[in-house]
Amino acid sequence: GENVEQHPSTLSVQEGDSAVIKCTYSDSASNYFPWYKQELGKRPQLIIDIRSNVGEKKDQRIAVTLNKTAKHFSLHITETQPEDSAVYFCAASMGNTPLVFGKGTRLSVIA
Amino acid sequence: DAEITQSPRHKITETGRQVTLACHQTWNHNNMFWYRQDLGHGLRLIHYSYGVQDTNKGEVSDGYSVSRSNTEDLPLTLESAASSQTSVYFCASSESITGRKLFGNGTRLTVT
């Protein structure tokens with residue numbers, strides 16, 4: 001089955017700097033790659049997703065890139081703000097199988 | 001507004017007791033999922049359903065069961081609660097199998 005590795009497990013950045021979180025997946029058949037943000041005590045919420053027919057997608061300060069050959073995808077947050085502090089999860093799925101999640105990255109934005 | 005609701009939000013139970021966690025969604029989604037979240041493990045899939053009368057085992061299904069008698073509900077039952085099942089449980093639903101998932105607010109379960 002699919003296996004998703006996520007790095008780093010914790011990340012601290014200064015406010016205004018960029019943050020990058022990377023994930024690798026094992027099954028080349030995976031074709032859907034979402035990112036979720038989870039604030040303390042809250043539910044995970046989808047922030048951006050990408051499908052395998054697209055190499056990059058942007059939404060304001062957030063972008064996701066996908067390298068199908070290398071089987072990895074990354075979340076980029078630019079101009080980080082304190083409210084970006086949260087745990088971020090990547091995930092992957094293929095065909096008719098449910099999402100497999102990475103173990104999460106705790107991002108701290110230091111003001 | 002459509003929503004996905006979990007109850008209770010917090011539950012304390014004793015080892016060996018049967019516990020049922022409720023999940024109700026008003027999105028009319030066919031696909032519903034149960035995950036558990038533990039520190040260092042992320043979100044792990046317990047059971048899922050693609051429609052009424054359909055249930056499937058996930059990665060960590062031992063000790064858990066689900067039933068799907070209607071579109072709106074997917075209750076999760078712990079047949080005989082164990083301390084290892086202390087966790088935060090999230091229910092999710094999606095319109096398509098690989099589509100965007102919406103999560104409930106979670107249930108924090110403590111087994112003593």
Side-chain angles (χ1 to χ4, degrees), chain A residues 1-10 21 23-27 29-54 57 59 64 66 73 75 86-107, chain B residues 2-7 9-10 21 23-25 27 29-51 54-61 66 68 74 76 87-108:
Chain A
E2 177 64 276
N3 182 53
V4 177
E5 299 284 340
Q6 184 172 346
H7 298 281
S9 56
T10 60
I21 303 170
C23 289
T24 60
Y25 59 99
S26 61
D27 196 320
S30 287
N31 57 12
Y32 176 62
F33 308 94
W35 286 88
Y36 285 81
K37 175 184 180 182
Q38 186 180 29
E39 297 175 354
L40 189 64
K42 301 285 185 66
R43 71 181 89 185
Q45 291 196 307
L46 179 71
I47 56 172
I48 195 167
D49 56 6
I50 193 169
R51 298 195 182 268
S52 59
N53 59 345
V54 176
K57 184 177 180 180
D59 182 3
V64 56
L66 171 64
F73 56 111
L75 178 70
V87 178
Y88 292 81
F89 292 97
C90 63
S93 69
M94 56 178 172
N96 63 349
T97 62
L99 288 174
V100 175
F101 285 85
K103 293 184 178 181
T105 296
R106 181 174 300 278
L107 173 64
Chain B
E3 184 56 275
I4 178 166
T5 305
Q6 292 184 235
S7 61
R9 291 298 310 276
H10 302 273
L21 310 183
C23 177
H24 179 80
Q25 53 97 3
W27 290 99
H29 287 163
N30 284 324
N31 308 294
M32 296 183 72
F33 310 83
W34 273 103
Y35 291 89
R36 62 176 288 175
Q37 184 173 34
D38 305 287
L39 196 62
H41 290 280
L43 291 155
R44 293 183 290 174
L45 183 65
I46 305 172
H47 281 286
Y48 57 103
S49 169
Y50 291 155
D54 176 76
T55 61
N56 305 278
K57 294 181 178 181
E59 175 189 359
V60 290
S61 62
V66 293
R68 188 86 181 272
L74 187 70
L76 177 71
S87 186
V88 178
Y89 291 85
F90 284 99
C91 179
S93 71
S94 65
E95 186 173 14
S96 63
I97 293 169
T98 56
R100 296 171 172 176
K101 283 186 174 54
L102 302 170
F103 281 85
N105 277 324
T107 294
R108 182 176 295 275

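From a predicted model like this one, the values you see are computed outputs, not experimental measurements. A note on names: the letters A, B, ... follow the listed sequences, proteins ahead of strands, and every chain is numbered from 1.
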Identify which part of [X] has an atom lying under 4.5 Å from any heavy atom of chain A, answering side chain, backbone, both or neither.
| X | result |
| --- | --- |
| B/F103 | both |
| B/L43 | both |
| B/Q6 | neither |

Original post:
Within a reach of under 6.0 Å around NZ of A/K37, are more than 12 heavy atoms found that belong to other residues, nucleotides or ligands?
Top reply: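 More than 12 within 6.0 Å, yes.
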Q) Heavy-atom distance under 4.5 Å to chain B: side chain of A/Q38, backbone, both or neither? A)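 It is the side chain, since no backbone atom gets that close.
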Practice item. Below 4.5 Å from any heavy atom of chain B, which atoms of A/P44 appear? Answer side chain, backbone, both or neither. Key: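 For A/P44, the contact with chain B is made by backbone and side chain together.
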Any salt bridge between B/E3 and A/R43, counting N to O under 4.0 Å?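 Looking at B/E3 and A/R43, the cut-off is met.
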Do the charged groups of B/D38 and B/R36 touch, with an N to O distance under 4.0 Å?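 Yes, this pair counts.
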request  = For B/D54 and B/R68, run salt bridge (charged side-chain N to carboxylate O under 4.0 Å, His left out): C-alpha distance rounded to whole Å, both residues' side-chain angles, the deciding distance at 0.1 Å, then the answer.
outcome  = CA-CA 7 Å; B/D54 176 76; B/R68 188 86 181 272; over 6 Å; no
### Message
I'd like to know if the side chain of A/E2 pairs up with that of A/S93 as donor and acceptor (distance under 3.5 Å, no hydrogens or angles considered).
### Response
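A/E2 vs A/S93: no donor-acceptor pair found between side chains.
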